Each structure stands twice: as C-alpha cells, then as structure tokens.
Amino acid sequence: MKKVIFTAILSSFFITGCIDNSAIEKLNNSAQQYLQKSETNKAVCMLEASLELNPNIYETRYNLGVAYIELKDYNSAIKNLKSAMEIKEDSPNTYYTLGVAFEGAGYEILDKSKNDEYENVEENKPKTKLSDDEIKEANALLESAIEAYETYIKKSPESEDVESVQNQIISIKNTISKYQEVK
C-alpha cells in the first residue's frame, strides 16, 4: 500500500516535471493532518514518501519520529530523531522526544515480564524472567532517555515542563536502581 501511494505521488510530480520543496511540503502537510486525526499509518506513508524526495528535512524526520513513537516502533523513532538532530542540533523538542523514544524502548523490554500470565498467582511470579542482557539493554536505553531529557532541560531551562521532566528523570533513575538491585 505504501509503495502504491508513493508511486502515485512520485509519478504525478514527474509528469508535471518538478519535484521541489512544494511537493515535500504537501506531503508533510498531509502527514500532519493524518497525525492530528490519529491516522498514524497514513502519516508514516506520507512522511516516508517525503523522505524519498529529500531525506534532509528536519520536520519530516522529527514528525516521522513522533509517528513511530505513536506506533510504538521505538527503534525507527530513535533512528529518525537522531537524523533530525543531525539536521537541526539546537532544537530542544527533538531531545525531549528522543528521550520519550528511548524511555519507551527501555520500558518495552522491562514490561515483557509484567505482561506474562502468572505461573503461580499467589506468589506473583511471571513465567518470563528477564535475562541479564535484557536488563542491561533496558537500563542503557533508560540512561539514554535521561541524557536526552537532561539535554532538553539545558537547552530550554525556562520551559513550563522542566519540573515535570525532572520528576520523570527521577522516576527513571528509580527504575534503573530497582533493576540493578535484582541482579
């Protein structure tokens, strides 16, 4: 489906003889509308088509990162947000959103054992126990989230949500220490 949409869009631009920033802008505007309507898969299609035309547009990369977070595809979100940072290093929101992606990826690993059916309900023991490698990977992702959030705070110390982000950092640090104690 994504290829069909992209091919149709690309063909129309070749017919008119111009692939320019206005084509990318139209794709990004369509994607923004889809995101606002919570039609995230359609937004991703538009943004991916926009990347095919020009992979170096900050807004495309950033919005694609946001869309992938909504889809809980944290690895794709991280990849696109890092690319957005390479394009526009000074944007505090990119660091915050990257923190959200890292945090989501870390908690996704840790939540594996919580989502299992319980082997013994009385003892509350999950069937799946996280391996040391999974715990290390989750902790590394959560540490990256903290680093991204701290950079966000440094770049926008006057932001209204600084206290909330600081509390989030404390919460993540508590989670990390809890899993370090388990070892």
Side-chain angles (χ1 to χ4, degrees), residues 1-10 23-89 91-117 126 128 130-131 133-152 159 161 164-165 167-169 171-172 175-176 179:
M1 176 72 174
K2 184 166 47 168
K3 294 263 186 209
V4 172
I5 292 171
F6 174 70
T7 303
I9 293 168
L10 192 59
I24 293 167
E25 189 175 325
K26 286 178 186 176
L27 288 168
N28 287 345
N29 288 340
S30 293
Q32 196 67 27
Q33 291 172 353
Y34 284 127
L35 284 172
Q36 290 171 355
K37 293 190 283 187
S38 297
E39 296 182 42
T40 309
N41 287 320
K42 290 179 181 177
V44 167
C45 288
M46 294 292 119
L47 293 165
E48 291 285 356
S50 179
L51 280 184
E52 292 289 328
L53 297 174
N54 185 344
N56 298 314
I57 296 185
Y58 168 80
E59 290 77 12
T60 304
R61 290 287 185 180
Y62 179 82
N63 288 332
L64 196 51
V66 170
Y68 278 126
I69 288 171
E70 287 183 30
L71 294 174
K72 296 186 184 338
D73 182 349
Y74 299 112
N75 290 332
S76 295
I78 291 166
K79 176 187 143 211
N80 280 285
L81 291 166
K82 283 183 174 182
S83 293
M85 281 176 31
E86 289 174 11
I87 297 166
K88 189 175 178 182
E89 191 177 303
S91 174
N93 289 338
T94 308
Y95 288 93
Y96 176 82
T97 308
L98 185 60
V100 171
F102 278 126
E103 185 178 358
Y107 282 124
E108 186 175 63
I109 293 168
L110 296 178
D111 285 346
K112 275 198 254 182
S113 67
K114 292 179 185 174
N115 292 331
D116 286 337
E117 294 178 29
T128 304
L130 295 173
S131 70
D133 286 343
E134 288 173 315
I135 292 172
K136 284 179 189 174
E137 181 182 359
N139 283 344
L141 289 163
L142 293 174
E143 289 285 351
S144 294
I146 290 169
E147 185 178 319
Y149 287 144
E150 288 174 341
T151 303
Y152 167 74
S159 179
D161 64 347
S164 172
V165 175
N167 289 335
Q168 189 64 19
I169 291 169
S171 175
I172 295 169
T175 299
I176 291 170
Y179 278 92

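Note that the structure is predicted; figures quoted are calculated from it, not measured. Computed over heavy atoms, backbone and side chain alike; hydrogens, waters and symmetry mates excluded.
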Say you draw a straight line from [atom1] of [X] to [atom2] of [Y]; how long is it, rounded to the nearest 0.5 Å?
X    : Y    : atom1 : atom2 : answer
N167 : D161 : CG    : CG    : 11.0 Å
I176 : L142 : CD1   : CG    : 5.0 Å
Y152 : L98  : OH    : CG    : 13.5 Å
L110 : I135 : CG    : CD1   : 7.5 Å
E59  : I24  : CD    : CD1   : 11.0 Å
N139 : E134 : CG    : CD    : 12.0 Å

Going by an N to O cut-off under 4.0 Å, is there a salt bridge joining K72 and E108?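 The answer is no: the pair does not qualify as a salt bridge.
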Output, in order, the C-alpha distance, side-chain angles, deciding distance and verdict of side chain to side chain contact (heavy atoms under 4.5 Å, CB included) for N41 and L71. CA-CA 8 Å; N41 287 320; L71 294 174; 3.5 Å; yes
Any side-chain heavy atom of [X] sitting closer than 4.5 Å to one from [Y]?
X    : Y    : result
E103 : Q168 : yes
Y62  : N93  : yes
K79  : Y68  : no

Taking everything shown except Y96 itself, do over 12 heavy atoms lie less than 6.0 Å from its OH?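 Not more than 12 within 6.0 Å, no.
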Are there over 12 heavy-atom neighbours, none belonging to E150, within less than 6.0 Å of that residue's CD?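 Above 12, so yes.
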Go through the structure and list residues passing ring-ring contact (aromatic ring centres under 6.0 Å, His included) with Y95, not counting sequence neighbours.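 Checked Y95 against ring-ring contact (aromatic ring centres under 6.0 Å, His included); zero matches.
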F102: what forms a ring-ring contact (aromatic ring centres under 6.0 Å, His included) with it, not counting sequence neighbours?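 With neighbours one apart ignored, the set is empty.
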For the student: nearest non-hydrogen atoms of [X] and [Y], plus distance:
X    : Y    : value
A31  : A43  : O-CB, 3.5 Å
S76  : D73  : OG-OD2, 2.9 Å
G106 : A138 : O-CB, 3.6 Å
Y149 : V165 : CB-CG1, 3.7 Å
G65  : A77  : O-CB, 3.4 Å

So, using side-chain hydrogen bond (donor to acceptor under 3.5 Å, both in side chains) as the criterion, who are the partners of [X] when residues are at least two apart?
X    : answer
S144 : none
E70  : T40
N28  : S50, T60
S91  : Y58, T94

So does P55 get a backbone contact from the side chain of R61, meaning a donor-acceptor N/O pair under 3.5 Å?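 Here the side-chain-to-backbone pair exists.
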